[in-house]
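In this text the structure is predicted, and so the values were computed from the model without any measurement. We're numbering straight along the sequence, starting at 1.
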Amino acid sequence: MSVPEIADTAGGAGATFGENYDNYQNTIDSRYVLRIPGISVDQLIETFELQFPTHIKMDIDGIQDKVIRGAHHTLRDPRLRSVMLELNPRDNEINTAIYDFIRGEMEDAGFRLDKIVRTAPSGTDDPERGPTNQFFSRP
């Protein structure tokens with residue numbers, strides 16, 4: 001896990017797993033790198049025989065699309081009723097492709113978008129201009 005100086009505080013953000021770039025595809029100047037194991041959502045539930053989730057909240061820096069790919073089967077299981085995702089803005093070509101991929105995956109998994117809200121009081125609920133929290137549910 002790459003941890004930039006800005007993330008090395010209580011409530012800090014910007015660390016990412018397995019990559020050296022942040023939410024905006026900028027190279028992270030890591031304060032330090034932690035060597036930790038990683039496992040996909042699908043593998044985590046199967047390997048450790050966890051109780052299947054009915055709700056998932058994901059706030060992932062830098063690798064949102066990879067985490068969604070690793071939750072492919074979980075997202076398609078009807079026991080999962082709702083998902084809240086913090087998504088990056090569609091502010092550049094890469095982030096737009098990732099945003100569109102995730103929204104497509106959610107639709108393909110049978111979810112509908114219920115609402116979009118800002119991530120901070122000073123933020124925006126416009127996914128073209130800033131990060132947003134997006135709430136999905138299964139009809």
Side-chain angles (χ1 to χ4, degrees):
M1 175 173 285
S2 296
V3 183
E5 185 171 351
I6 193 169
D8 193 22
T9 62
T16 192
F17 184 83
E19 300 295 345
N20 66 346
Y21 55 84
D22 66 13
N23 282 343
Y24 303 98
Q25 311 307 314
N26 298 316
T27 301
I28 292 174
D29 183 16
S30 297
R31 181 173 212 166
Y32 50 86
V33 176
L34 302 172
R35 294 182 53 82
I36 58 175
I39 188 169
S40 72
V41 172
D42 289 343
Q43 290 173 322
L44 180 70
I45 292 168
E46 182 180 331
T47 301
F48 296 101
E49 299 176 357
L50 299 179
Q51 181 177 357
F52 198 86
T54 56
H55 177 76
I56 293 177
K57 176 194 182 291
M58 292 186 198
D59 179 352
I60 306 147
D61 292 335
I63 60 168
Q64 297 169 331
D65 55 326
K66 293 177 180 180
V67 173
I68 292 296
R69 281 185 179 92
H72 180 85
H73 297 295
T74 301
L75 291 172
R76 283 157 177 72
D77 191 303
R79 292 176 289 177
L80 181 61
R81 305 302 306 154
S82 64
V83 179
M84 195 286 293
L85 301 174
E86 181 178 309
L87 297 180
N88 294 335
R90 300 176 81 242
D91 59 349
N92 64 48
E93 187 176 330
I94 294 171
N95 279 350
T96 296
I98 291 169
Y99 181 96
D100 293 346
F101 165 75
I102 291 171
R103 289 289 300 270
E105 282 293 298
M106 295 306 292
E107 282 183 30
D108 290 349
F111 285 93
R112 71 167 184 246
L113 177 64
D114 291 325
K115 66 180 172 177
I116 299 175
V117 299
R118 63 183 128 194
T119 60
S122 62
T124 177
D125 60 0
D126 180 357
E128 301 295 326
R129 295 184 17 232
T132 55
N133 288 322
Q134 301 198 13
F135 295 81
F136 297 86
S137 66
R138 211 177 283 287

**Other residues, nucleotides, ligands: >12 heavy atoms within 6.0 Å of Arg76 CZ** = yes
**Prompt:** Would the number of heavy atoms belonging to other residues, nucleotides or ligands and lying under 6.0 Å from CD of Glu128 be above 12?
**Reply:** yes
**Asked** Roughly how far, to the nearest 0.5 Å, is CG of Leu80 from CZ of Phe111?
**Response** 4.0 Å
If two hydrophobic side chains count as joined below 4.5 Å and joins carry through other members, does [X] share a cluster with [Y]?
{"X": "Ile56", "Y": "Phe136", "result": "yes"}
{"X": "Val117", "Y": "Tyr99", "result": "no"}
{"X": "Met84", "Y": "Ile98", "result": "no"}

Measure the shortest side-chain to side-chain distance between [X] and [Y] over non-hydrogen atoms and say whether it is less than 4.5 angstrom.
{"X": "Pro127", "Y": "Ile116", "value": "yes"}
{"X": "Ile45", "Y": "Pro53", "value": "yes"}
{"X": "Arg112", "Y": "Ser137", "value": "yes"}

**Item:** Verdict with supporting geometry, Gln134 and Arg103, side chain to side chain contact (heavy atoms under 4.5 Å, CB included)
**Value:** CA-CA 10 Å; Gln134 301 198 13; Arg103 289 289 300 270; 3.3 Å; yes
If you compare all heavy atoms of [X] against all heavy atoms of [Y], which two are closest, and at what distance to 0.1 Å?
{"X": "Ser40", "Y": "Gln43", "answer": "OG-N, 3.0 Å"}
{"X": "Ala71", "Y": "Val41", "answer": "CB-CB, 3.8 Å"}
{"X": "Pro139", "Y": "Gly110", "answer": "CD-O, 3.2 Å"}

**Prompt:** Please walk me through it: do Leu85 and Gln64 pass side chain to side chain contact (heavy atoms under 4.5 Å, CB included)?
**Reply:** CA-CA 9 Å; Leu85 301 174; Gln64 297 169 331; over 6 Å; no
**Item:** Verdict with supporting geometry, Met106 and Leu113, side chain to side chain contact (heavy atoms under 4.5 Å, CB included)
**Value:** CA-CA 8 Å; Met106 295 306 292; Leu113 177 64; over 6 Å; no
**Asked** Checking side chain to side chain contact (heavy atoms under 4.5 Å, CB included) against Ile102, which of Asn88, Val67, Ile68 comes through?
**Response** Ile68
**Request:** Test Arg90 against every option in Asp100, Asn95, Asp126 by the side-chain hydrogen bond (donor to acceptor under 3.5 Å, both in side chains) rule and name the one that passes.
**Result:** Asp100
**Message:** Pair Arg69, Glu105 - check side chain to side chain contact (heavy atoms under 4.5 Å, CB included), show working.
**Reply:** CA-CA 9 Å; Arg69 281 185 179 92; Glu105 282 293 298; over 6 Å; no
**Request:** Without swapping roles, check the side chain of Arg138 against the backbone of Asp77 for a donor-acceptor pair under 3.5 Å.
**Result:** yes
**Message:** Under 3.5 Å, is there a donor on one side chain and an acceptor on the other for Thr132 and Asp125?
**Reply:** no
